[in-house]
Novice: 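Before I ask anything, let me first share the structure, which is written out below as structure tokens.
Letters A, B, ... are given to chains in the order of the sequence lines, protein chains preceding strands, and every chain is numbered from 1. Keep in mind it's a predicted model, so treat the numbers as computed, not measured.
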Amino acid sequence: MLTIFRNAFSDIAAGLRMRRVWAALAAEDIGDQHRRTWLGPIWILLNYLAHVLTFVVIFQRGKGVEDFPTYVSVGMLVWMYISGVITSSARLFIKEESLITGTKLPITVYVMRLTMESLIKSGYMALGCLAIVLWSGTSIEIGWLWSLAAICLIVAITPAVIIIVAIAGTYLPDLQFVIGNVMRIGLFATPIFWAPGGSNARTALYKYNPFTYFLEIVRLPIMKGIEPVNSLAICAITGVTVWLIALFLLGKFRRQIIFTL
Amino acid sequence: MSRSKTGSVVQALNDVSFKLESGDRLGLVGTNGAGKTTLLKVLYGIYEPTHGEVDVVGRTDALFNINLGFRKEASGRRNIVLRGLINGWDMSQINERMEKIIEFSELGDFIDLPLKTYSQGMAARLAFSVATSLDPEILLMDEWIGAGDPEFQAKAKNRMEHLAERAGIIVLASHNHLLLQRTCNKILELESGKLKAFQEAEEWFDAHGIAGES
């Protein structure tokens, strides 16, 4: 068991030393996706705004939610980040096959490449989110630091989630379709544009959906100035558990992944 | 070892043991599918053996797929940086080699244009120039590489010979017996993933009735 964790840490250490590789590749990925377009990566921002405006203007499900635009924009920012990371992870190693089978780059390089790419995309979306929050009249408070801490926590858990989903996706290729569907349902089953209360089903969905807590740790300090200590604790415990599983899987499978591609 | 879709396990190499020392030039021979590329990848560290061990002392570089990691939308210069980073070079090493790579590739002003604007020959020249601008102690090659038009090929041949001279150990997989005779002092023959022969090149060529180069 100790060897498994040692293997995982050595891969992570080697991967972090090669940060220039994954930072450069992530920037190229973003650039390539929008090459020859007029607006370039601004499309990421427009895509996010289109989602938020759709839910704010058309769905209007925010009865009882004070400052619905802020509620949706922050919730959508976190959701699009999480769902983007999980969806892309399922095919990560399959997509990187040529580099995995042709170089001896550590697995962590591919994991961090996706982490970085997701962060860059979220950076564009965050600009839109900030604009909506400020436009809707919410002022910047010191309590926002709790949201910042929450974002750091989510980012810290990201590589672990990628490792788990990517390894599982490599061994179980069907997983990408399961995840695709779960994420589509998750958009509606997660309190992005609806609030708890009303029916029992909705309250239960709010309470037992793990994504709720990751949304709320970012949203509550901005919306209500609340320090979401309980939700933060739940997310931190989830984070530690996810990392332990990820380290185990990375240590155990990092050398076998290549044989499955 | 690889698991097929039906669940059966394919053993790519089995019972292969050998030792090389500084100055050795090993030729890997065998039919397609004998395990030559797999052995090179094991030596490079891409595959980790499921049984046994590999002990490599020295900086190892490989010339397998020289186009690996190239991005057609990025400029030639950017591709040199990306390929250098993938090779494990730091930025100072990349900057140090940049002008020499550009000069050797003969790309001139094209170096700042996207790779997709290059002809096949130009792209091959760039790939060759980056891939061979290293200084390995142990050099692993899957076939002797060459690139570009006849004039560049002569230059590429010189570069490869110079690279081979500088490397402490070379392992070269090839079907070209003339090339192996000229380059290698030892031969390792694989058959269905197993070691069939590991001996002095001269002995192996004699045993197979292949005459020396005149």
Side-chain angles (χ1 to χ4, degrees), chain A residues 3-4 7 10-11 14-37 40-41 93-110 112-113 116-117 170-174 250-261, chain B residues 1-5 7 9-13 37-38 40-51 54 56 59-75 77-95 114-116 127 131 140 142:
Chain A
T3 317
I4 289 175
N7 280 342
S10 85
D11 191 279
L16 293 180
R17 274 197 300 276
M18 302 188 83
R19 58 191 169 280
R20 278 183 177 278
V21 181
W22 44 263
L25 291 176
E28 289 294 326
D29 288 340
I30 300 275
D32 278 358
Q33 284 163 22
H34 302 95
R35 196 89 58 185
R36 296 171 62 201
T37 59
F93 297 145
I94 298 162
K95 198 180 121 206
E96 302 278 19
E97 183 183 347
S98 65
L99 279 181
I100 292 175
T101 55
T103 69
K104 47 184 177 180
L105 292 174
I107 290 298
T108 302
V109 165
Y110 309 108
M112 293 311 295
R113 176 183 185 174
M116 191 73 189
E117 188 189 330
T170 308
Y171 284 90
L172 308 164
D174 298 60
L250 180 63
K252 190 157 175 60
F253 292 108
R254 71 173 182 138
R255 288 296 181 190
Q256 269 102 60
I257 288 166
I258 192 168
F259 298 121
T260 66
L261 295 173
Chain B
M1 208 179 282
S2 184
R3 196 173 289 277
S4 74
K5 278 179 184 165
V9 171
V10 178
Q11 204 158 25
L13 288 172
T37 305
T38 305
L40 284 173
K41 288 189 172 182
V42 169
L43 294 175
Y44 190 39
I46 294 174
Y47 294 145
E48 198 168 84
T50 46
H51 296 287
V54 182
V56 178
R59 193 176 55 256
T60 310
D61 274 306
L63 299 179
F64 296 153
N65 178 4
I66 63 168
N67 296 308
L68 190 73
F70 274 141
R71 304 181 79 106
K72 61 182 172 56
E73 297 287 351
S75 71
R77 196 183 293 273
R78 178 71 177 154
N79 269 302
I80 295 173
V81 173
L82 292 172
R83 182 56 198 255
L85 290 171
I86 290 169
N87 281 354
W89 306 347
D90 57 38
M91 278 315 287
S92 64
Q93 284 173 310
I94 292 171
N95 292 333
L115 198 72
K116 65 181 179 186
L140 309 172
D142 201 352

Novice: Are the side chain of B:Lys41 and the backbone of A:Gly102 linked by a donor-acceptor contact shorter than 3.5 Å?
Specialist: no
Novice: Does atom NZ of A:Lys104 have more than 12 heavy-atom neighbours, drawn from other residues, nucleotides or ligands, at distances under 6.0 Å?
Specialist: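 Atom NZ in A:Lys104 is crowded, with more than 12 foreign heavy atoms closer than 6.0 Å.
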Novice: One thing to verify: whether B:Arg71 and A:Asp29 come together as a salt bridge, which I'm taking to mean a side-chain N less than 4.0 angstrom from a carboxylate O.
Specialist: yes
Novice: So, using side chain to side chain donor-acceptor pair (under 3.5 Å) as the criterion, who are the partners of B:Asn87 when residues are at least two apart?
Specialist: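 For B:Asn87 the side chain to side chain donor-acceptor pair (under 3.5 Å) partners, ignoring immediate neighbours, are B:Arg83.
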Novice: Between A:Arg36 and chain B, with a heavy-atom cut-off of 4.5 Å, which part of the residue counts as in contact: side chain, backbone, both or neither?
Specialist: side chain
Novice: Can you tell which part of B:Leu82 gets under 4.5 Å to a heavy atom of chain A, answering side chain, backbone, both or neither?
Specialist: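 When you check distances to chain A, only side chain atoms of B:Leu82 fall under 4.5 Å.
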Novice: If every non-hydrogen atom of A:Phe259 is compared with every non-hydrogen atom of B:Glu48, which pair is closest and at what distance?
Specialist: CZ-O, 4.0 Å
Novice: Most heavy-atom pairs under 4.5 angstrom with chain B, which of A:Leu25, A:Val109, A:Thr101?
Specialist: A:Thr101
Novice: How long is the gap from CZ on A:Arg255 to OG1 on B:Thr50, to the nearest 0.5 Å?
Specialist: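 It is 13.0 Å, given to the nearest 0.5 Å.
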Novice: For A:Arg19, does the CZ atom sit with more than 12 other heavy atoms under 6.0 Å from it, leaving out its own atoms?
Specialist: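 No, the 6.0 Å shell around CZ holds no more than 12 heavy atoms from other groups.
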Novice: Run the salt bridge (charged side-chain N to carboxylate O under 4.0 Å, His left out) check on A:Glu28 and B:Arg78 step by step: do they pass?
Specialist: CA-CA 10 Å; A:Glu28 289 294 326; B:Arg78 178 71 177 154; 2.5 Å; yes
Novice: If you compare all heavy atoms of A:Ile100 against all heavy atoms of B:Ile46, which two are closest, and at what distance to 0.1 Å?
Specialist: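 So the two residues come closest at O-CG2, 3.8 Å.
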Novice: Looking at A:Arg20, I want to see if its CZ is surrounded by more than 12 non-hydrogen atoms of other residues, nucleotides or ligands under 6.0 Å.
Specialist: no
